[in-house]
Amino acid sequence: MRLSLFALVIAALALPAGAQQLNRTNVANILGFENGNPGQFPPGWGFTATAAGISNDNTVFHGGRQSARIERTATSPQAFNSLIASIPIDFTGRTFTYRGWIKTEDVSDAVSLWMRADGERTNLAF
């Protein structure tokens with residue numbers, strides 16, 4: 001059984017190893033999955049649990065030229081996968097618009113798109 005899912009997590013917290021700090025010059029490129037090569041982990045992103053099965057995909061995408069793909073099977077390590085990016089404080093404002101597109105195929109449990117805002121304490125808003 002093949003399970004494909006895409007989960008995007010944007011959290012203003014410390015970046016995991018391998019993730020780039022977003023800034024005004026690279027935010028669109030990183031969040032749009034336009035950098036990097038198909039089949040490789042999306043540059044600028046971090047992950048939780050495991051990076052296994054996460055890659056740039058240039059065959060299924062909504063806009064631009066690439067998307068992120070998370071592929072899991074019954075034997076995948078860990079209970080879940082997620083991609084995370086931290087948006088720095090210089091992006092603060094009164095309004096933050098967060099949009100995403102999720103294509104699911106043969107999902108048996110769950111898939112989600114979410115955002116968490118942190119400040120002096122974690123989880124100010126979810």
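- The hydrophobic cluster containing Leu31 also contains Ile102, counting ILVMFWY residues as joined when their side-chain heavy atoms lie under 4.5 angstrom apart, directly or transitively.
- Among all heavy-atom pairs drawn from Asp57 and Val60, the shortest one is OD1-N, 3.4 Å.
- Proximity of Asn56 to Pro43: side-chain heavy atoms (C-beta onward) are separated by under 4.5 Å at one or more points.
- How far CZ of Arg69 is from OG1 of Thr59: 6.0 Å, rounded to the nearest 0.5 Å.
- Here the closest non-hydrogen pair linking Asn35 and Gln66 is O-NE2, 3.5 Å.
- No donor-acceptor distance shorter than 3.5 angstrom exists from the side chain of Asn58 to the backbone of Arg65, with no hydrogens or angles considered.
- By the side chain to side chain contact (heavy atoms under 4.5 Å, CB included) test, Asn37 is found to be paired with Gln40, residues two or more places apart in sequence or in another chain being considered.
- At distances below 3.5 Å, at least one donor-acceptor pair connects side-chain atoms of Thr50 with backbone N or O atoms of Ala52.
- Pairing each heavy atom of Ala68 with each of Leu83, the nearest pair is CB-CD1, 3.4 Å.
- Scanning for side chain to side chain contact (heavy atoms under 4.5 Å, CB included) contacts around Phe61 gives Ser67, with sequence neighbours left out.
- Between Trp45 and Phe33, the ring planes are parallel. Angles under 30° get that label, and only those over 60° would be called perpendicular.
- Under the 4.5 Å side-chain contact rule for hydrophobic residues, Met115 and Ile70 share a cluster.
- Atom CZ of residue Arg72 and atom CG of residue Asp106 lie 14.5 Å apart, to the nearest 0.5 angstrom.
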